[in-house]
S.K.: 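The structure that follows is given in the form of structure tokens.
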Number of protein chains: 2
Amino acid sequence: MNIGEIARRSGVSRSTVSYALSGKRPVAEETRRRIQAVIDELDYRPNAAARALKEGRTRTIGLVIPPASQRLTDVQLGFVASVVDAAARADLDILLSPSGGEHDRSFERVVTGSRVDGVILMEIRLEDDRVARLRRSGLPFVGIGHTSRSDEMTWVDIDYETLMARCVRHLADLGHRHIALVNRSAELVAAGYGPSHRAQLGFTGALAERGLQGVQVCCADDAQAGRSCVERLLAAHPELTAIATINEAAIPGMYRALTHARLAVPGDFSITGVAARHWAENLHPPLTAADILADELGARAVELLIQRISDPDAPFRHLLVAPPISLRETTGPARSRADRP
Amino acid sequence: MNIGEIARRSGVSRSTVSYALSGKRPVAEETRRRIQAVIDELDYRPNAAARALKEGRTRTIGLVIPPASQRLTDVQLGFVASVVDAAARADLDILLSPSGGEHDRSFERVVTGSRVDGVILMEIRLEDDRVARLRRSGLPFVGIGHTSRSDEMTWVDIDYETLMARCVRHLADLGHRHIALVNRSAELVAAGYGPSHRAQLGFTGALAERGLQGVQVCCADDAQAGRSCVERLLAAHPELTAIATINEAAIPGMYRALTHARLAVPGDFSITGVAARHWAENLHPPLTAADILADELGARAVELLIQRISDPDAPFRHLLVAPPISLRETTGPARSRADRP
DNA sequence: TCGATTGCTCGAATCGGTTCGACTGAACTT
DNA sequence: AAGTTCAGTCGAACCGATTCGAGCAATCGA
């Protein structure tokens, strides 16, 4: 069922069929109709590989996600969903690559072999081999997140530094003097994960600005870890009255630790952070948090990638977003734990 | 940077390079090394489109997911993750298609145009146009879920009927006599969504078996709806002491409605259902539920698809899984609401 | 009326691989 | 010594599209 078959059945040459389909040269209306009839009858569709081979582009973009074995956070899922959605609207297909370690076959396949016209890269570290690999390959790409050399590529990112500073200032305004930052896993932080690093900066910066005390801890990305982490925090730092966190996955466990310690939220203890809106709203009680607008960010990444593909020599562009904190039900005036009835 | 360039630089013909790479004919060790050196130096990778064109297969499978705009449940995400993972292990790439309505361009592109070697279809309805479309196209495919004519295709599915029956029996064993089934959205049920329909069967079957009373309601797939749905249920049916549900997304709202009505779980009211393990464990309190083993199911779907691709004429195969209920903290002995202190 | 333009179509080249048939020596049989 | 086998290599055909140059009529402008 190839173009030759269509040509034969409609009594024209293969090139005429091609022109009838693409409209790149005039074709007599009568001829066009005849060809279309045959196409409809046989339900013909041009072979994508042949077209890609000749045209030198695939109308497909690669989306590099964290390895599937590792559970994605709601924010990450939001990125994926919005990228997929935006790509579909632009009539682009998405090739998914769960990229893990160093020499990942899936990543290699996507980056090399002219499989895609461009790549969107998620979960970027401050020093990221994949960025180097992509730059070497010459393939257009856009990061959701960025490395320590922020001008070496086009990216969109969440401004974790500003967001965390806002969380701290919000808590400070409520009278909290001793705040803990619960970061993401020690491995991520050690690996130079950008959001963790920038959240630290925002945290320490805002503490200094308000002359407050703070402790920072790492916590694996799951509820279990969140619970034991907070239990340890409460025991070691009786003066704490609030937590700020970027560790979405650990939050349910943190809630549980507080409940278990008979600390009412927000009466006795405040907690705030950065999370996907749905997630924050569905918590019990709903979390006061900076709502990450994953939808917008993913769509913008696709947009920027399309621009890069059409003009690979244009200067790199950057987009940093910092949504305001949505007040819900987990932050309130500070009350020393020692004062509790 | 094509195979001709490699051939020229290593002083052999293009076919020899091809054979050196594929090993399909013997190549002198010395020649092979020379070719490999040139390939390494130039970082050459065969063009995927050219290969696909000649070989007639793409080493890529399509994964048709619900439209991205519609939030995926944790169970669905589990399917996606496990399919992606299993495909990566089998060195297959994944082309993602968020398929929505009738004539969806993304779905059409994936199904036609020889873009993929096979398709995995999620969220199948009892009557599903996409199944018909795929059957007509002749493309091998495997469903996660199945239609009303279960023998027209290969599929894997969760045995919602058995699971729901187990939930009801579990509640009955605890003494509950009046149980509500909270199904998924009215649109889905009306559209003939398989899991909803089968859950109904299991529910009514088990009720009859134990001689119990029950009510069934539909509920949109979000927390807000879950809350108002349960509020209405409690008001309209004071005799209810337990809920069984397959509506994962609505559960947080249902918890909230119960809390708001001052019904302790599981002291005053029991709730159980079908959910992803992580999700159930992270709820507060953790949900007694049949844990859906999304990981296994997705991997099996990939496995069956690979088999179908290699032998398209083999008979269809089916896999129905029904994991047992994991007892957590949301079901307990029935206590009439009228008896409450 | 003649040359130029325009509309429409065809044939051939091309994209970058894979694969088949054929050829050449060298090694092995008998 | 003649015939077989086999490792190793090459050239050409092929997969299914797109696109360029060219050709032929019909129409236009001068």
Side-chain angles (χ1 to χ4, degrees), chain A residues 1-36 38-39 42-60 93 108-109 111-117 137-139, chain B residues 1-36 38-39 42-60 93 108-109 111-117 137-139:
Chain A
M1 196 78 61
N2 54 24
I3 198 172
E5 180 74 14
I6 306 298
R8 198 170 327 115
R9 296 216 192 197
S10 29
V12 297
S13 73
R14 302 192 306 148
S15 44
T16 300
V17 175
S18 179
Y19 288 126
L21 247 45
S22 71
K24 295 193 179 173
R25 280 196 191 175
V27 169
E29 182 53 25
E30 143 71 14
T31 313
R32 210 196 51 69
R33 253 200 303 272
R34 210 168 58 236
I35 293 172
Q36 192 57 51
V38 176
I39 287 177
L42 271 63
D43 197 24
Y44 161 80
R45 294 284 184 289
N47 179 298
R51 173 176 284 176
L53 175 57
K54 185 70 206 336
E55 290 189 333
R57 58 177 185 148
T58 56
R59 299 161 193 272
T60 303
D93 284 320
E108 275 303 309
R109 279 201 307 270
V111 172
T112 62
S114 317
R115 225 171 261 271
V116 298
D117 298 337
S137 78
L139 204 58
Chain B
M1 195 77 62
N2 54 23
I3 199 173
E5 180 73 13
I6 305 298
R8 198 167 330 114
R9 297 214 191 197
S10 27
V12 296
S13 73
R14 302 193 307 148
S15 46
T16 301
V17 176
S18 179
Y19 288 127
L21 248 44
S22 70
K24 295 192 178 173
R25 278 196 192 177
V27 169
E29 183 53 26
E30 144 71 13
T31 313
R32 209 196 52 69
R33 253 200 303 271
R34 210 169 57 237
I35 293 172
Q36 191 57 52
V38 176
I39 287 178
L42 271 63
D43 198 23
Y44 161 81
R45 295 284 185 290
N47 180 299
R51 174 175 282 174
L53 175 57
K54 184 68 198 354
E55 289 190 334
R57 60 179 182 144
T58 58
R59 299 163 193 273
T60 302
D93 285 320
E108 274 303 309
R109 280 201 306 272
V111 172
T112 61
S114 316
R115 223 171 262 271
V116 297
D117 297 337
S137 79
L139 204 58

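Chain letters run A, B, ... following the sequence lines, proteins first and then strands; every chain starts at 1.
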S.K.: When the distance from CZ of B:R59 to C1' of C:dG17 is rounded to whole Å, what number comes out?
M.R.: 12 Å
S.K.: Nearest to the side chain of A:S15 - D:dC10, D:dT19, D:dA17?
M.R.: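 Within the option list, the nearest is D:dT19.
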S.K.: For the pair made of CD in A:E29 and C1' in C:dT9, what is the distance, rounded to whole Å?
M.R.: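 In whole Å, C:dT9 C1' lies 16 Å from A:E29 CD.
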S.K.: For A:G113, answer base if it contacts any base atom (sugar-phosphate contacts may also be present), sugar-phosphate if it contacts only those atoms, and nothing otherwise; contact means non-hydrogen atoms under 4.0 Å.
M.R.: nothing
S.K.: On DNA chain D, check which nucleotide each of B:Y19 and B:L53 is closest to and give me the residue with the more 5' one.
M.R.: B:Y19
S.K.: Heavy atoms under 4.0 Å, any strand shown: does B:P26 hit a base, just sugar-phosphate, or nothing?
M.R.: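 It contacts base atoms.
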S.K.: On the side chain of A:S114, is there an atom forming a donor-acceptor pair with the base of C:dG16 - under 3.5 Å, no angle test?
M.R.: no
S.K.: Which heavy atom of B:T58 sits nearest a heavy atom of B:S114, and at what distance?
M.R.: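 Minimum heavy-atom contact is CG2-O, 3.4 Å.
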S.K.: Closest approach to the side chain of B:S13, judged atom by atom: which nucleotide of C:dG17, D:dG11, C:dG16 is it?
M.R.: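 Comparing C:dG17, D:dG11, C:dG16 against the side chain of B:S13, the answer is D:dG11.
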S.K.: Can you tell me if the side-chain N/O atoms of B:T31 get under 4.0 Å from OP1 or OP2 in D:dT9?
M.R.: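 For B:T31, the contact criterion (side-chain N or O under 4.0 Å from OP1 or OP2 of D:dT9) is met.
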S.K.: Less than 4.5 Å apart, side chain to side chain, heavy atoms only: is that true for A:L139 and A:V116?
M.R.: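 Yes - at least one pair of side-chain heavy atoms lies under 4.5 Å apart.
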S.K.: Check nucleotides 22-26 of chain C for protein N or O atoms closer than 3.5 Å to its own N or O atoms and list the pairs.
M.R.:
from   : atom 1 : to    : atom 2 : distance (Å)
C:dA22 : N6     : B:R25 : NH1    : 3.3

S.K.: Using OP1 and OP2 only, check whether a side-chain N or O of A:K24 sits under 4.0 Å from D:dT19.
M.R.: yes
S.K.: Would you check if A:R51 and A:R59 make a side-chain contact, meaning some heavy-atom pair closer than 4.5 Å?
M.R.: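 The answer is yes; the side chains approach within 4.5 Å.
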S.K.: Nearest 0.5 angstrom please: A:R33 CZ to A:T31 OG1, how far?
M.R.: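 Answer rounded to 0.5 Å: 9.5 Å.
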S.K.: Shortest non-hydrogen contact from A:R32 to A:V27?
M.R.: N-CG1, 3.9 Å
S.K.: Please tell me which of B:E55 and B:R32 maps to the more 5' nucleotide of DNA chain D, matching each residue to the nucleotide holding its nearest heavy atom.
M.R.: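 Final value for this comparison: B:R32.
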S.K.: Write down the distance between CZ (B:R34) and C1' (D:dG8), rounded to a whole number of angstrom.
M.R.: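 In whole Å, D:dG8 C1' lies 12 Å from B:R34 CZ.
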S.K.: Expressed as a whole number of angstroms, how long is the span from B:R57:CZ to D:dG16:P?
M.R.: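 So the two atoms are 16 Å apart, to the nearest Å.
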S.K.: Does B:K54 put a side-chain nitrogen or oxygen below 4.0 Å from OP1 or OP2 of C:dG16?
M.R.: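 B:K54 to C:dG16 OP1/OP2: no side-chain N or O under 4.0 Å.
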S.K.: Mind calculating the distance between CZ (A:R115) and P (C:dC15) to the nearest angstrom?
M.R.: 21 Å
S.K.: Tell me whether the OP1 or OP2 atom of C:dC10 has a side-chain N or O from A:T16 closer than 4.0 Å.
M.R.: yes
S.K.: Check every strand shown and say whether B:S22 touches a base, only sugar-phosphate, or nothing at a heavy-atom separation below 4.0 Å.
M.R.: nothing
S.K.: Using heavy-atom distances to pick each residue's nearest nucleotide on DNA chain C, tell me which of B:R45 and A:V27 is more 5'.
M.R.: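 Nearer the 5' end of the strand: A:V27.
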S.K.: Report yes if a donor N or O on one partner sits less than 3.5 Å from an acceptor N or O on the other, where the partners are the side chain of B:R14 and the base of C:dG17; otherwise report no.
M.R.: yes
S.K.: Given atom CZ of B:R51 and atom P of D:dA17, what is their separation to the nearest angstrom?
M.R.: 21 Å
S.K.: Look only at the side chain of B:R115 and the backbone of A:A48, and say whether a donor-acceptor pair between them is shorter than 3.5 Å.
M.R.: no
S.K.: Could you pull out the closest heavy-atom pair between A:M1 and A:Y44, with the gap in Å?
M.R.: O-CD1, 3.3 Å
S.K.: Starting at atom CD1 of B:I35, determine the distance to atom C1' of D:dG8, rounded to an integer number of angstrom.
M.R.: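 These atoms are roughly 11 Å apart.
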S.K.: Between A:L42 and A:E5, what is the shortest heavy-atom contact and its length?
M.R.: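 In this case the closest contact between A:L42 and A:E5 is CD2-CG, 4.0 Å.
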S.K.: C:dG17 phosphate, OP1 or OP2: any side-chain N/O from B:Y44 under 4.0 angstrom?
M.R.: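 Answer yes for this pair, as a side-chain N or O of B:Y44 is under 4.0 Å from OP1 or OP2.
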S.K.: So, OP1 or OP2 of C:dG16: does either fall under 4.0 Å of a side-chain N or O from B:N47?
M.R.: no
